Amino acid sequence: MSDGVRVRFAPSPTGEPHVGNIRTALFNWLFARHTGGAFVVRIEDTDQERKVEGALESILASLRWLGLDWDEGPESEDGGSHGNFGPYFQSERLALYHEAAEKLLAGGDAYQCFCSPERLDAMRKEQQRNQQPPGYDRHCLTQLTAEERGRRAAVEPHVIRFRIPREDGTIYVNDFIRGQVAYEPTVLDDFVILKSDGYPTYHLANVVDDHFMEISHVMRAEEWLPSTPRHVLLYRSLDWEPPVFAHLPMILGPDRSKLSKRHGATSTLAYQQDGYLPEALTNFMALLGWSLDDHTEVFSRDELVEHFDLDRVGKAGAIFNAEKLTWMNGLYIRQLPPEELAERILPFLERPHAEGGLSDSVERPLDAAFVATLTPLIQERLKRLDEAPELLSLFFEGLPSPAANDLVPKGVSPEQAAEALTAVVDRLTGVGEWEEVALEDALRPMADELGLKTGQLFGAVRAAVTGRTVSPPLFATMVALGRTHCMDALNNAVATLQARA
RNA sequence: GCCCCCAUGGUCUAGCGGCCUAGGACGCCACCCUUUCAAGGUGGAGAUCGCGGGUUCGAAUCCCGCUGGGGGCACCA
């Protein structure tokens with residue numbers, strides 16, 4: 001299955017792509033790369049009313065962010081395409097659809113329909129009332145002759161419907177993942193293939209494009225399975241060879257229903273904003289509906305490409321478990337070279353405070369070299385990049401004002417604490433090089449001397465120097481903070497305790 | 001209402017007739033390590049493999065029914 005593989009991701013620009021959409025893109029991309037085939041992106045912009053400003057942009061941005069490069073497709077947000085099977089915007093391929101529709105019309109496999117939306121609506125309501133399956137009643141096919149339809153079509157707005165061959169036998173859809181699925185033609189109705197505005201519906205456009213773009217495998221979400229018999233019929237009537245179909249299990253929200261906006265942060269780009277690494281998201285999404293074996297789950301991009309295959313794709317829908325994604329993200333963060341992590345963290349620190357960045361009073365741009373020295377302190381504490389500002393803010397703010405409470409460790413009196421911190425100030429004054437080992441050598445023995453536990457002493461110093469009870473390792477933190485900052489903070493802490501006493 | 005798909009711990013999954021007293025991972029709990037928080041290590045709780053029938057010497061694995069969940073039934077994709 002490596003010869004002439006051509007797959008496609010065919011989104012419609014109707015909104016921000018969510019992780020379900022992009023997971024489909026990922027599987028297509030992986031399959032293309034695995035087989036050495038082509039990955040094409042086609043924009044299905046046939047619905048003039050549902051078009052959303054900026055949607056195309058976020059689709060392409062999502063793909064780029066995740067590194068899902070396409071061999072053929074749109075060049076940029078401004079239009080333009082590359083590849084030999086273009087154009088890659090359906091709105092620019094109208095002639096092809098009309099040609100196909102004409103062919104179907106001529107062969108008697110399609111007919112013009114003049115029914116008004118009102119009539120169709122009333123018909124559907126009636127069917128619903130009678131608990132009948134909704135579907136077109138063939139009014140224009142049975143009440144009008146072909147001749148009459150042709151005459152009216154020249155002057156009246158109309159749609160073109162595909163005529164379901166009800167008299168034919170069972171329609172079989174061969175799905176690579178699900179096997180053979182049978183549909184009785186009688187449960188299908190004459191669906192619209194060409195709308196009155198001259199644009200095709202999904203069904204027609206899809207089949208025509210997949211044919212002319214020589215798509216070998218159609219991999220899409222399972223929600224498309226029920227419309228596949230229509231597509232099979234279209235291929236048959238057009239006398240074209242259908243591609244291999246593979247309907248991927250869906251990604252579900254926590255309530256097990258189809259993913260949608262109301263499930264919260266499902267937009268792919270939102271994960272970028274939330275500090276997830278593209279390699280982590282990719283790895284995680286690959287595991288939603290695909291697995292290699294019973295134990296491997298961390299894959300580099302190359303390993304994914306190497307191992308991915310359709311025959312290990314599952315059938316059941318999968319809930320997007322953000323907790324596991326977060327765990328995996330932390331794993332990838334820890335694996336990053338510190339310098340690279342620093343680069344990735346920088347924009348998260350620099351963005352406005354309202355968007356999660358450091359306080360706006362901190363001057364931008366930040367000193368990248370300084371950030372690089374800080375990064376190792378938080379690397380194994382980070383699960384998402386957007387947590388960096390919170391963890392690092394103490395290095396960018398002035399002297400802390402710790403709560404007196406935090407300066408007094410459990411089991412110690414305020415007086416003892418003040419005494420201890422005073423002693424620390426004294427001892428630190430004598431330290432030569434302000435570096436980790438020297439600081440530890442100076443401070444660690446003091447716990448015994450003062451009759452405190454190490455944790456108690458260090459806790460008090462931590463609170464004094466950082467203003468927090470939780471921080472990166474104390475001595476590294478103190479080095480990054482600098483001598484002056486630490487000594488001033490320590491003196492302030494002593495003063496705070498004395499004022500309270 | 002009709003059609004289709006699916007079904008292993010809370011979640012993602014391995015399992016394609018005997019290796020399963022059902023394995024891994026996330027999450028959860030405990031302990032260890034430890035200057036806090038993490039990370040790491042060890043151990044643990046958690047699944048009558050949705051239910052009921054078959055087939056078979058033997059079924060999580062095959063068949064049927066049921067139930068449950070999901071999806072689809074537009075001049076939307």
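These numbers were taken from a predicted model, which means no experiment stands behind them. In what follows, chains carry the letters A, B, and so on, assigned in the order in which the sequence lines appear, proteins first and then strands, with residues in each chain numbered from 1.
Within the 4.0 Å cut-off from OP1 or OP2 of B/U36, not a single side-chain nitrogen or oxygen of A/Ser471 is found. In this model, the phosphate group of B/G72 is not approached by any side-chain N or O of A/Arg220 to a distance below 4.0 Å at OP1 or OP2. Contact annotation: A/Arg444 side-chain N/O to B/U35 OP1/OP2 distance is under 4.0 Å. In this model, the phosphate group of B/A74 is not approached by any side-chain N or O of A/Arg161 to a distance below 4.0 Å at OP1 or OP2. The shortest distance between the side-chain N/O atoms of A/Lys195 and the OP1/OP2 oxygens of B/A74 is not below 4.0 Å. Phosphate proximity of B/A77 to A/Thr46: present, with a side-chain N or O under 4.0 Å from OP1 or OP2. Phosphate proximity of B/G40 to A/Arg334: present, with a side-chain N or O under 4.0 Å from OP1 or OP2. For B/C12, the OP1/OP2 oxygens have a side-chain nitrogen or oxygen of A/Arg256 closer than 4.0 Å. Between B/C76 and A/Lys51, no contact under 4.0 Å exists linking OP1 or OP2 to a side-chain N or O.
A/Glu44 comes within 4.0 angstrom of sugar-phosphate atoms only, judged by non-hydrogen atoms across all strands, and of no base. At a threshold of 4.0 angstrom between heavy atoms, the contacts of A/Ala182 are confined to the sugar-phosphate backbone, with no base atom among them. A/Leu474 comes within 4.0 angstrom of a nucleotide base, judged by non-hydrogen atoms across all strands. Counting any heavy atom pair closer than 4.0 Å across all strands shown, A/Pro472 reaches a base atom. As judged by a 4.0 angstrom heavy-atom cut-off over every strand, A/Ser257 is placed among residues touching the sugar-phosphate backbone only. Among the atoms of the strands shown, only primed sugar atoms or phosphate atoms (P, OP1, OP2) are found under 4.0 Å from some heavy atom of A/Gly289. Note on A/Phe475: a base of the nucleic acid sits closer than 4.0 angstrom, heavy atoms only. Residue-level contact check: A/Pro473 touches the bases, meaning some heavy atom is under 4.0 Å from a base atom. Contact annotation for A/Pro157: no contact, since no heavy-atom pair falls under 4.0 Å across all strands.
Checking B/A60 for Watson-Crick or G-U wobble geometry (two distances, each under 3.5 Å) identifies no partner in any strand. When Watson-Crick and G-U wobble pairs are counted only if both distances are under 3.5 Å, B/C33 pairs with no nucleotide at all. Base pairing of B/C26: its partner is B/G10, meeting the Watson-Crick or G-U wobble criterion (both donor-acceptor distances under 3.5 Å). Across all strands shown, B/A45 remains unpaired; no Watson-Crick or G-U wobble contact has both distances below 3.5 Å. B/A77 makes up no base pair with any nucleotide shown, lacking Watson-Crick or G-U wobble contacts both under 3.5 Å.
B/U42 sits 46 Å from B/G54 when the P atoms are compared, rounded to a whole Å. When the P atom is compared between B/C20 and B/C66, the two are found 35 Å apart, to the nearest whole Å. One C1' atom belongs to B/A25, the other to B/G15, and the distance between them is 16 Å to the nearest Å. Look at the P atom in both B/G9 and B/A47: the space between them is 10 Å, to the nearest Å. Taking the C1' atom of each, B/A45 and B/A39 are spaced 24 Å apart, rounded to whole Å. Using atom P as the reference point in both B/C6 and B/C62, the two lie 12 Å apart (nearest Å). Nucleotides B/U13 and B/C29 have their C1' atoms positioned 23 Å apart, rounded to a whole Å.
Atom CE in A/Met250 sits about 10 Å away from atom P in B/G70, given to the nearest Å. Taking atom CG on A/Asp190 and atom C1' on B/A74, their separation rounds to 14 Å, with Å as the unit. We find that CZ of A/Arg381 is positioned 10 Å from P of B/A38, with the value rounded to whole Å. Between A/Phe320 atom CZ and B/G27 atom P there is a gap of 15 Å when expressed in whole angstrom units. Summarising the geometry, the separation between CZ on A/Arg178 and C1' on B/C16 is reported as 17 Å, rounded to the nearest angstrom. In this structure, CG of A/Leu452 is placed 14 Å from P of B/U35, rounded to the nearest angstrom. Across the protein-nucleic acid pair, A/Leu259 atom CG and B/G71 atom C1' stand 14 Å apart, rounded to whole Å. Nucleotide B/U35 holds its P atom 13 Å from the NZ atom of A/Lys453, rounded to whole Å.
Remark: of the listed residues A/Asn206, A/Val207, A/Asp189, A/Asp189 is the sole one forming a side chain to side chain contact (heavy atoms under 4.5 Å, CB included) with A/Arg230.
Side-chain atoms of A/Ser260 and A/His18 include no donor-acceptor pair closer than 3.5 Å.
Looking at A/Asp197 and A/Lys195, no side-chain N of the basic residue comes within less than 4.0 Å of a carboxylate O on the acidic one, giving no salt bridge.
Classified by interplanar angle (parallel below 30°, tilted 30° to 60°, perpendicular above 60°), the ring pair A/Phe475/A/Phe458 is perpendicular. Between A/His231 and A/His203, the angle of the ring planes lies from 30° to 60°, which puts this pair in the tilted group.
Taking the six-membered ring wherever Trp is involved, the centroid distance between the rings of A/Phe27 and A/Phe308 falls below 6.0 Å. Taking the centre of each ring, A/Phe284 and A/Phe320 come in below the 6.0 Å mark.
Closest-nucleotide positions on RNA chain B for A/Pro133 and A/Val159 were compared, and the one nearer the 5' end corresponds to A/Pro133.
Considering every non-hydrogen atom in both A/Leu304 and A/Asn283, the closest pair reads CD2-CA, 4.2 Å.
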